[in-house]
Amino acid sequence: MVLAVDGLRMRYGDTEVLHDVSFRARHGEVVALLGPNGAGKSTTIEILEGFRLRSAGTVEVLGVDPAYGDERWRSRLGIVLQSWRDHGNWRVRELLHHLGTYYAPYSTSSIHRPWDTDELLAAVGLTDHAGQKIRTLSGGQRRRLDVAIGIVGRPEVLFLDEPTTGFDPQARHEFHDLVRRLAAEHSTTILLTTHDLDEASRLAHRILILTGGRIVAAGSPAELTTLIAGEDEVRWSIDGQQFRRSTADSTEFVRGLFTQYGAGVTDLEVRPASLEDTYLALVRGKEPVA
């Protein structure tokens, strides 16, 4: 097991921000941590990274308690923060090459050796900007560099904090492909925080929904969609009058409509329950079904 978290608690003074958080992650698994602002996502990530000491519970990352991780352990991690604000006078290629040298002494295998600089530039779409000073990059280009900095050591565990902020649709698509390759081809375990539910459903094998410092639901996107009594929305018209109904069994409901009204049913539309519906129901306090 790559990540093992049991009974994690975090208290700031009299305020407890994490309550008995427990989860696991395996090699090559992408886990998305979703939740509203203040839910405890960042605190959880910082504890796993070894940047913050927990109040209680047990945590292991790559078999090590992050509170006692050494440099060799840290070399096996990659971190993409929401933003980096330094290195402005470095050129892109120079910075990535320089950072890669820090990881070389800790390389344990060919799979987890630091990236070749040109290969990394191509992977994040910065080949054409390799010679530019970082301060001259656009916001989207700078965000790609943030990702490159996070994965330069080809980590075994990668923490991504809102990684596609500022990406245009093409850049977001390319980044999603990169995440999938890291997980599938290099067995990289990835813990992702995002407010983008579509991104979570596209990338994650499992999603954890955190609210009020507790994990209130966990499962694949499909499992979470059915966890709550996620009702489909059916819309239709009869004689020009519009109707709308929420139902747990849209197929049976539509069959009943046509049995009763036949060809009089027009403008029929069925909107299936979505991950967004499930997420909103959970964070608004609806009790999950066990």
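Side-chain contact between Leu160 and Leu191 is absent, with no heavy-atom pair separated by less than 4.5 Å. Counting only heavy atoms from C-beta outward, the side chains of Arg235 and Asp267 never approach each other to under 4.5 Å. Counting only heavy atoms from C-beta outward, the side chains of Val152 and Thr117 never approach each other to under 4.5 Å. At least one side-chain heavy atom of Leu137 sits less than 4.5 Å from a side-chain heavy atom of Val92. Annotation: side chain of Ile190 is not in contact with side chain of Phe159 (no heavy-atom distance under 4.5 Å). Using a 4.5 Å heavy-atom cutoff, the side chains of Ile238 and Thr266 are not in contact.
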For Glu199 and Thr164, run side-chain hydrogen bond (donor to acceptor under 3.5 Å, both in side chains): C-alpha distance rounded to whole Å, both residues' side-chain angles, the deciding distance at 0.1 Å, then the answer.
-> CA-CA 9 Å; Glu199 180 167 80; Thr164 57; 2.7 Å; yes

Stepwise side-chain contact (heavy atoms from CB on, under 4.5 Å) check, Ile149 with Val80 = CA-CA 7 Å; Ile149 291 170; Val80 177; over 6 Å; no

Step by step, would you call Phe258 with Leu268 a side-chain contact (heavy atoms from CB on, under 4.5 Å)?
-> CA-CA 11 Å; Phe258 280 102; Leu268 178 67; 3.7 Å; yes

Start with the C-alpha distance between Val216 and Leu210, add both sets of side-chain angles, then the distance that settles side-chain contact (heavy atoms from CB on, under 4.5 Å), and finish with yes or no.
-> CA-CA 6 Å; Val216 296; Leu210 189 69; over 6 Å; no

Could you give me the CA-CA distance, side-chain angles and deciding distance for Leu18 and Ile47, then say whether side-chain contact (heavy atoms from CB on, under 4.5 Å) is met?
-> CA-CA 11 Å; Leu18 292 176; Ile47 290 170; 4.0 Å; yes

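Side chain of Ser220 to backbone of Glu223: a donor-acceptor contact under 3.5 angstrom is found. Side-chain atoms of Thr188 come within 3.5 Å of backbone N or O of Leu182 as a donor-acceptor pair. In this structure, the side chain of Trp73 engages the main chain of Val61 through a donor-acceptor pair within 3.5 Å. With hydrogens and angles ignored, the 3.5 Å screen pairs a side-chain donor or acceptor of Thr44 with a backbone N or O of Gly40. Counting only distance, with no hydrogens or angles, the side chain of Gln141 and the backbone of Ser138 share a donor-acceptor pair below 3.5 Å. Although no hydrogens or angles enter the test, the distance criterion places no donor-acceptor pair under 3.5 Å between the side chain of Lys41 and the main chain of Leu34. Put simply, the side chain of His19 never gets that close to the backbone of Gly213: no donor and acceptor are under 3.5 Å apart. At distances below 3.5 Å, at least one donor-acceptor pair connects side-chain atoms of Arg91 with backbone N or O atoms of Gly131. Without hydrogens or angle criteria, Ser22 side chain to Gly7 main chain gives a donor-acceptor distance under 3.5 Å.
A pairwise comparison of heavy atoms in Leu158 and Gly150 identifies CD1-O, 3.9 Å as the closest pair. Across all non-hydrogen atoms, the minimal contact from Val147 to Pro163 is CG2-O, 4.3 Å. Summarising the geometry of Leu178 relative to Trp115, their closest heavy-atom pair is CD1-CH2, 4.4 Å, with the distance given to 0.1 Å. Summarising the geometry of Val124 relative to Arg144, their closest heavy-atom pair is O-CD, 3.0 Å, with the distance given to 0.1 Å. The minimum heavy-atom distance linking Arg181 with Ala123 is given by the pair NH2-CB, 4.2 Å.
A salt bridge links Arg52 to Glu46: one of the charged nitrogens lies within less than 4.0 Å of a carboxylate oxygen. For the pair Asp65 and Arg54, the salt-bridge criterion is met [side-chain N within less than 4.0 Å of a carboxylate O]. Comment: Arg142 engages Asp146 in a salt bridge, judged by a side-chain N to carboxylate O separation of less than 4.0 angstrom. A salt bridge is absent between Arg255 and Asp249; no separation between the charged side-chain nitrogens and carboxylate oxygens falls under 4.0 Å. With respect to the salt-bridge test (charged N to carboxylate O, under 4.0 angstrom), the residues Arg154 and Glu119 qualify. Salt bridge Asp198/Arg202: present, at least one basic N to carboxylate O contact under 4.0 Å. A salt bridge between Asp118 and Arg93 is present, with a side-chain N of the basic residue lying under 4.0 Å from a carboxylate O of the acidic one.
Here the CZ-CZ distance, from Arg172 to Arg143, works out to 11.0 Å after rounding to the nearest 0.5 Å. In this structure, CD1 on Ile207 lies 6.5 Å from OG on Ser201, to the nearest 0.5 angstrom. To the nearest 0.5 Å, atoms OG1 (Thr127) and CG (Leu121) are separated by 5.5 Å.
Of the candidates Arg76, His186, His27, Arg76 is the only one forming a side-chain hydrogen bond (donor to acceptor under 3.5 Å, both in side chains) with Glu156.
Side-chain contact, Glu29 with Thr189: no donor N or O sits under 3.5 Å from an acceptor N or O. Judged purely by distance below 3.5 Å, without hydrogens or angles, the side chains of Asp232 and Thr247 never pair a donor atom with an acceptor atom. Judged purely by distance below 3.5 Å, without hydrogens or angles, the side chains of Gln170 and His173 never pair a donor atom with an acceptor atom.
Annotation for Tyr12: atom OH counts as buried by contact number, over 12 foreign heavy atoms lying within 6.0 Å. With a 6.0 Å radius and a threshold of 12 heavy atoms from other residues, nucleotides or ligands, Arg11 has its CZ atom above the threshold. Under a cut-off of 6.0 angstrom, the local environment of CZ in Arg180 is crowded, with over 12 non-hydrogen atoms contributed by other residues, nucleotides or ligands. More than 12 heavy atoms of other residues, nucleotides or ligands sit less than 6.0 Å from atom CG of Asp70.
The distance between the ring centers of Trp236 and Phe253 falls below 6.0 angstrom.
Side-chain heavy atoms closer than 4.5 Å link hydrophobic residues (I, L, V, M, F, W, Y) into clusters, and following such links, even through other members, never connects Met1 to Ile215.
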